[in-house]
Amino acid sequence: MSTLRFYALKESLKRKPLTINEDHRRSEIFGSNVFNETAMRQYLSKHALNGILQAVEKGTKIDRVTAEHISTGMKEWAIAKGATHYTHWFQPLTGATAEKHDAFFETIEGGLAIERFDGSQLVQQEPDASSFPHGGIRNTFEARGYTAWDPTSPAFIYGTTLCIPTVFVAYTGEALDYKTPLLRALQSVDSAATAVCKYFDKNVRKVSASLGWEQEYFLIDNALAASRPDIVLTGRTLLGHSPAKGQQLDDHYFGTIPARAMAFMRDLEHECMLLGIPAKTRHNEVAPNQFELAPIYEEANLAVDHNSLLMDIMQKVAKRHNFLVLMHEKPFAGVNGSGKHNNWSLSTDTGVNLLSPGKTPMSNLQFLTFFINTIKAVLTYEELLRAAIASASNDHRLGANEAPPAIISVFIGEQLTNVLQELESVTKGKLSPKEKTDLKLNVVGKIPEILLDNTDRNRTSPFAFTGNKFEFRAVGSSANCANPMIVLNSIVAKQLIDFKIEVDDLIDKKSMKKDDAIFNVLREYIKDSKTILFEGNGYSDAWEKEAKKRGLSNNKTTPEALKIKIAKSAIDLFENIGVMNKIESEARYEIEIEEYILRIQIESRVLGDIARNHVVPTAVRYQNILIENVTGLKNIYGDKFKSLAQEQLTLIEEISGHIEAINSLVTDMIEARKLYNKQTDVNKKAKGYCEKVKPFFEKIRYHSDKLELMIDDELWPLTKYRELLFTN
Ligand code: ADP
Ligand code: MG
């Protein structure tokens with residue numbers, strides 16, 4: 001066994017679960033490191049508190065004087081909690097979070113020092129924008145960017161730093177982050193949905209989108225992970241034969257959580273509580289050493305921040321427990337990958353979940369309106385929704401027989417399918433009083449009852465209705481939820497705007513009653529929606545054929561999937577509803593396609609390196625041992641040696657074959673890379689990397705995995721799947 005592999009195994013086997021003291025009730029510590037309303041009431045004047053609350057509820061601006069009061073209160077609170085530094089915490093287009101810490105500490109005249117944090121430091125900062133991806137925005141305009149406080153996501157303390165959630169924009173106003181368009185999309189869906197709500201309830205003033213994500217991940221001992229250059233550099237294994245035992249016994253899912261993992265989870269949940277992340281559910285996932293954490297759902301902007309924060313603190317907590325968290329969508333070939341279901345709904349400031357059937361026929365008509373409009377939005381923009389979850393790593397998961405396919409479809413269950421069928425058969429034009437009563441009593445009126453037993457959940461659907469929310473299941477585990485949330489909320493906003501125009505038209509021009517008009521428009525939508533509704537097995541080949549007939553997109557790779565982002569339809573959509581202008585849309589496309597190229601490039605380099613510097617030399621060494629053995633046998637037995645050394649001779653030849661194959665494949669892969677590195681058109685470059693470089697991965701892996709099975713386990717340098725997956 002190589003020294004590194006030996007050391008890693010030895011270390012990992014020594015580990016004991018850390019003792020975690022839980023001497024507080026979770027409800028008592030929840031949010032204690034968050035500058036939430038309780039803290040604000042204690043540290044802010046009434047005027048300052050109102051300023052923040054108004055900004056959160058109504059989106060009003062906070063003036064300079066008020067900001068000054070808030071910053072003073074925030075500083076006092078943070079210092080009382082032991083904070084020494086502050087940072088503007090933001091999400092640049094790398095998808096990760098960024099922070100630059102500054103001390104409150106400042107010197108003043110006479111060699112004295114004070115703690116200072118004023119309004120302008122709270123409201124705005126100027127990090128150097130040039131080191132973050134900008135997708136050409138910086139080229140067109142200037143390098144500078146600034147971060148600006150987002151009062152709708154509360155400040156929090158992590159370690160000894162006060163973190164202030166902010167947006168990140170260029171000086172010319174273009175968004176350089178995910179949060180800015182997300183906030184705009186949420187605002188857009190708020191105003192469009194509120195307008196539609198007024199048909200049903202005049203008192204509705206605000207509609208908020210909710211998000212409940214479910215984060216899947218792998219926990220790997222960090223010594224074992226460190227012994228694998230592929231895991232360290234790419235977050236996944238590029239080589240490795242599957243173990244004799246994988247997940248086929250189904251003995252991990254919902255099984256007893258291993259003690260070390262449990263200690264990690266409790267520690268992580270403790271951090272979550274302090275930070276106000278409402279962690280609720282934990283369990284084993286399908287694969288060995290795979291787990292899930294899900295919180296109680298929250299307002300979407302906050303939920304997105306909380307997910308980004310969680311992904312960050314998970315790694316930090318994991319370090320204490322000598323674990324590495326793998327958030328990659330497919331860290332192990334042949335083993336279940338990780339996703340991040342995004343549960344989404346809309347709710348009013350009057351406390352109604354618009355995707356939950358109500359108690360009266362009228363409230364159910366409201367439910368159906370939002371339900372059907374969401375389906376219609378997904379139908380119109382299915383390709384854009386697919387693009388929102390595209391990444392080099394998620395490509396391994398989508399359509400790989402364990403996750404939703406790359407085709408977007410909507411599952412609604414048998415009962416709601418029946419409801420839609422009945423609604424579809426309503427008369428075109430004005431409805432007779434009898435028909436209306438009938439509809440209200442027998443169709444719309446019955447929804448809550450039938451939904452109670454609507455338990456059939458189709459696990460193969462990428463976008464499923466699950467009782468009171470839609471669940472977008474195709475999102476990757478390493479993704480920033482902002483991306484899918486921007487798209488989903490934008491397309492629903494656009495759809496609701498269109499819906500209202502159509503309904504108002506029927507009311508004004510055809511002098512229809514409001515209900516008749518709504519039924520009529522919904523009826524047409526239901527007819528269209530048949531293209532996107534699918535209740536069958538999404539993993540089947542039959543569905544691929546069927547979807548093609550229906551004209552649905554099936555973009556299997558990221559370069560293909562991303563194209564729609566710069567299509568006129570997408571640019572117009574975002575521009576019309578004020579979420580992103582053309583420059584912002586194009587910049588995001590460019591950044592994402594570049595990132596794709598870079599990821600494949602890195603994987604290709606790492607693979608070439610491991611194959612040539614780890615695998616081949618090991619194979620040669622083992623082959624030499626065999627040759628020595630055969631020569632020895634020949635010396636002793638003379639001509640008789642052949643019958644005694646048959647196995648060895650075969651192995652020697654086979655090893656040569658695999659070495660030769662690896663060498664020529666790696667050489668060809670490098671040539672392909674060189675060729676596409678010269679390509680200046682990013683689209684062609686991405687296509688080249690996808691179609692001409694990436695296919696070498698599987699081929700090289702095949703030969704290396706074969707060698708792994710032949711070569712003496714003592715010599716094999718790379719920690720094996722069974723060690724990575726079954727040590728805990
Ligand atoms: P699953 O069977 O997929 O695990 P759960 O019922 O456990 O589904 O819920 C998963 C997630 O959905 C949780 O994070 C939960 O908070 C969230 N969720 C529940 N209701 C809503 C809602 N109305 N809007 C958004 N998310 C919700
Ligand atoms: Mg789920």
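For ligands, and for the atoms within them, numbers begin at 1 and follow the listed sequence. Keep in mind that what you see is a predicted model, and the values were worked out from it rather than measured.
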Please work out whether any backbone atom (N, CA, C, O) or any side-chain heavy atom from C-beta onward of [X] is under 4.0 Å from ligand 1, and answer side chain, backbone, both or neither.
| X | answer |
| --- | --- |
| Asn353 | side chain |
| Asn343 | both |
| Arg459 | side chain |

Compile the donor-acceptor pairs under 3.5 Å between side chains in residues 185-192 and protein atoms, sequence neighbours left out, one pair per line.
unit_1 : atom_1 : unit_2 : atom_2 : d
Asp190 : OD1    : Thr194 : OG1    : 2.9
Asp190 : OD1    : Val207 : N      : 2.9
Ser191 : OG     : Ser188 : O      : 3.4

Step through it carefully: locate the ring centre of [X], locate the ring centre of [Y], and say whether they are under 6.0 Å apart.
| X | Y | answer |
| --- | --- | --- |
| Tyr297 | Trp213 | no |
| Phe291 | Phe218 | no |
| Phe463 | Phe411 | no |

For ligand 1 and Trp344, I'd like to know whether there is a polar contact (N/O to N/O, distance under 3.5 Å).
no
Polar proximity ligand 1 side, Leu211 side, N/O cut 3.5 Å exclusive: no
In this structure, CG of Asp150 is separated from NZ of Lys179 (nearest 0.5 Å) by 3.5 Å
Ligand 1 atoms nearer than 4.0 angstrom to some heavy atom of Ile296 are 16 (O)
For Asn554, the side chain to side chain donor-acceptor pair (under 3.5 Å) test, sequence neighbours excluded, returns Glu544
If the contact criterion is a heavy-atom separation under 4.0 Å, does Lys280 count as touching ligand 1? no
